[in-house]
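Below is one structure, written out as structure tokens, with a few remarks after it.
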Amino acid sequence: MDAPELQAPDGRRAKALLEHIALGQAVTGEAQRSRSGRVIAFDRVIAVCRVRGRPIGELLRSVGVPEGRN
């Protein structure tokens with residue numbers, strides 16, 4: 001999930017929904033390689049983070065968080 005940056009339109013809403021989904025929950029994360037084979041892109045680690053076994057990106061999409069285009 002390419003969530004909106006905090007200062008972008010919908011950024012604060014995305015943050016609030018992320019807090020609603022994950023705050024106080026056990027979260028796991030696993031670094032992943034991109035299609036180019038890199039683990040780091042744009043100074044960020046590419047990872048899948050999960051809450052209760054479900055990817056956070058999937059959970060964010062299910063509550064209507066738009067994809068960012070940063």
Side-chain angles (χ1 to χ4, degrees):
M1 167 106 193
D2 180 11
E5 296 287 338
L6 189 55
Q7 72 279 4
D10 289 320
R12 293 201 184 278
R13 179 173 163 257
K15 178 185 177 195
L17 289 167
L18 174 60
E19 288 174 339
H20 178 75
I21 288 168
L23 193 64
Q25 301 290 321
V27 176
T28 61
E30 181 179 337
Q32 302 268 306
R33 294 199 180 276
S34 68
R35 285 176 273 217
S36 67
R38 299 174 64 180
V39 175
I40 297 177
F42 301 104
D43 297 326
R44 297 178 181 159
V45 174
I46 301 167
V48 174
C49 299
R50 299 175 188 274
V51 172
R52 295 179 304 278
R54 291 188 60 197
I56 289 177
E58 177 184 301
L59 295 168
L60 289 171
R61 284 184 193 96
S62 75
V63 295
V65 173
E67 296 272 344
R69 292 290 172 237
N70 307 316

Hey, are the side chains of P4 and R13 touching, using non-hydrogen atoms and a 4.5 Å cut-off? no

Distance from R50 atom CZ to E58 atom CD, nearest 0.5 Å? 8.5 Å

Heavy-atom side-chain contact between L6 and R12 under 4.5 Å: yes

Give me the other members of the hydrophobic cluster that V48 sits in, counting Ile, Leu, Val, Met, Phe, Trp and Tyr linked by side-chain heavy atoms under 4.5 Å, directly or via other members. none

Is it true that a side-chain atom of Q32 and a backbone atom of I46 form a donor plus acceptor pair closer than 3.5 Å? no

Do V65 and M1 make a side-chain contact, defined as non-hydrogen atoms from C-beta onward lying under 4.5 Å apart? yes

So CD1 of I21 and CG of L60: to nearest 0.5 Å the spacing works out to 4.5 Å

How far does CG of L18 sit from NE2 of H20, to the nearest 0.5 angstrom? 11.0 Å

Is there a path from V45 to V27 through hydrophobic residues (I, L, V, M, F, W, Y) whose side chains come within less than 4.5 Å of each other? no

